[in-house]
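Order of the sequence lines fixes the chain letters, A, B, ..., with proteins taken first and strands second; residue numbering starts at 1 for each chain.
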Protein chains: 2
Amino acid sequence: MTNKKLTLQIDFRSGLPIYTQIVNQVQAQVASGKLKPDDQLPTVRALAEELRVNFNTVARAYRILDEARIISTQQGRGTFITEIPPPKVTERLRRESLEALTQRYVDEAARLGFSKGEIRQMVSDQLKGWNESGKSEE
Amino acid sequence: MTNKKLTLQIDFRSGLPIYTQIVNQVQAQVASGKLKPDDQLPTVRALAEELRVNFNTVARAYRILDEARIISTQQGRGTFITEIPPPKVTERLRRESLEALTQRYVDEAARLGFSKGEIRQMVSDQLKGWNESGKSEE
DNA sequence: TCATAATTGTACTAATTGTATCATTGTCAC
DNA sequence: GTGACAATGATACAATTAGTACAATTATGA
């Protein structure tokens, strides 16, 4: 399912900024599994109209969620839920997830005619230029 | 062989514009030798239908490839892979293709919280169970 | 041969979507 | 009251994809 209704309840008198409420509720729905990876969120304008707020407010919420890697916004395309970073999944699921991702990569590289050696070398090179701890939490 | 099937994998949510994905993959297949000089690519409309995108999106990709002298588009005739570019260029394209593909993979794995060691290990494992011969299967 | 249709890429425009910048409003400390 | 700051809104912009009309080439058939 790519497109979700995304039912949000905005309380205009709660004192909480609207964009914060949007952030919180989207976050909650992702956490609860109501929103799943690759689900497409409403456009900033559509959601804004539904909530009767300015679309910049929605955009602001989306930007915060994007920076938090919860969603991925793409100009001209739309906004999508990213894959859940596995914090609490089992080790087995974690492994399977990496396995699937890697298999897609290797298959694709093979399809493009690259050899084992080339692939191994390139992965090695890319990993070299990457500071392990820096999960880019800046 | 004049006409190729041109199997492309478009990921509509990868963040990369569709036309960019087409460019990258054609480029990679040319570099890898999977597509050879004088091979005819699908028409913009045919490829567009297959990929379920607008034909202008394919046309845009073709135009970029044309400007890069990788393909030659001829109004009313079709689109063809150009003569062999200098080996220097092919080698560069080849490397760039794999580099881009690998970077996407590593970035994604990193984003999901996997460590360098885990990634390296998984790639190594996947490569092990793969018989090298599959280089140019047709 | 010539006329005409079909095929193929091109050009221009429109629609959809998110982004950037600045203005307005409202609240709170002083 | 005044100034500072945060939240929201208004406006213009940029990126991507789609729609429509057209031009060049090739195929077809009288």
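- Leu41(A) has its CG atom 13 Å from the P atom of dT17(C), to the nearest Å.
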Quick one: which protein N/O atoms are closer than 3.5 Å to N/O atoms of nucleotides 15-22 of chain D? Pair and distance per line, please.
{"unit_1": "dA15(D)", "atom_1": "O4'", "unit_2": "Gln75(A)", "atom_2": "NE2", "d": "3.3"}
{"unit_1": "dT16(D)", "atom_1": "OP2", "unit_2": "Tyr19(B)", "atom_2": "OH", "d": "3.2"}
{"unit_1": "dT17(D)", "atom_1": "OP1", "unit_2": "Ile18(B)", "atom_2": "N", "d": "2.9"}
{"unit_1": "dT17(D)", "atom_1": "OP2", "unit_2": "Ile18(B)", "atom_2": "N", "d": "3.4"}
{"unit_1": "dA18(D)", "atom_1": "OP2", "unit_2": "Asn54(B)", "atom_2": "N", "d": "2.6"}
{"unit_1": "dA18(D)", "atom_1": "OP2", "unit_2": "Thr57(B)", "atom_2": "OG1", "d": "3.2"}
{"unit_1": "dG19(D)", "atom_1": "OP2", "unit_2": "Asn54(B)", "atom_2": "ND2", "d": "3.4"}
{"unit_1": "dG19(D)", "atom_1": "N7", "unit_2": "Asn56(B)", "atom_2": "ND2", "d": "2.9"}
{"unit_1": "dG19(D)", "atom_1": "O6", "unit_2": "Asn56(B)", "atom_2": "OD1", "d": "3.2"}
{"unit_1": "dG19(D)", "atom_1": "O6", "unit_2": "Asn56(B)", "atom_2": "ND2", "d": "2.6"}

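- The nearest whole Å value for the distance from the CD atom in Gln40(B) to the P atom in dT25(D) is 15 Å.
- Put simply, Thr79(B) has a side-chain N or O that comes within less than 4.0 Å of OP1 or OP2 on dG9(C).
- Checked against salt bridge (charged side-chain N to carboxylate O under 4.0 Å, His left out), Glu49(A) has no partners two or more places apart in sequence or in another chain.
- Rounded to an integer number of Å, the gap from CG of Leu51(A) to P of dG9(D) is 11 Å.
- Rounded to whole Å, the distance from CZ on Phe80(B) to C1' on dT26(D) is 11 Å.
- With sequence neighbours excluded, the residues that form a side chain to side chain contact (heavy atoms under 4.5 Å, CB included) with Asn56(B) are Asn54(B).
- For Thr73(B), a side-chain nitrogen or oxygen approaches OP1 or OP2 of dT10(C) to under 4.0 Å.
- Following rounding to the nearest Å, Ile71(A) (CD1) and dG18(C) (C1') show an atom-to-atom distance of 11 Å.
- Atoms CD (Glu49(B)) and P (dT8(C)) sit 12 Å apart, rounded to a whole Å.
- Scanning for side chain to side chain contact (heavy atoms under 4.5 Å, CB included) contacts around Thr73(A) gives Tyr62(A), Asp66(A), Ile71(A), Thr79(A), with sequence neighbours left out.
- Annotation for Ala109(A) and Ile119(A): closest pair CB-CD1, 3.6 Å, computed over non-hydrogen atoms.
- Arg45(B) pairs by the salt bridge (charged side-chain N to carboxylate O under 4.0 Å, His left out) definition with nothing, not counting sequence neighbours.
- Residues forming a salt bridge (charged side-chain N to carboxylate O under 4.0 Å, His left out) with Asp125(A) (at least two apart in sequence, or on another chain): Lys128(A).
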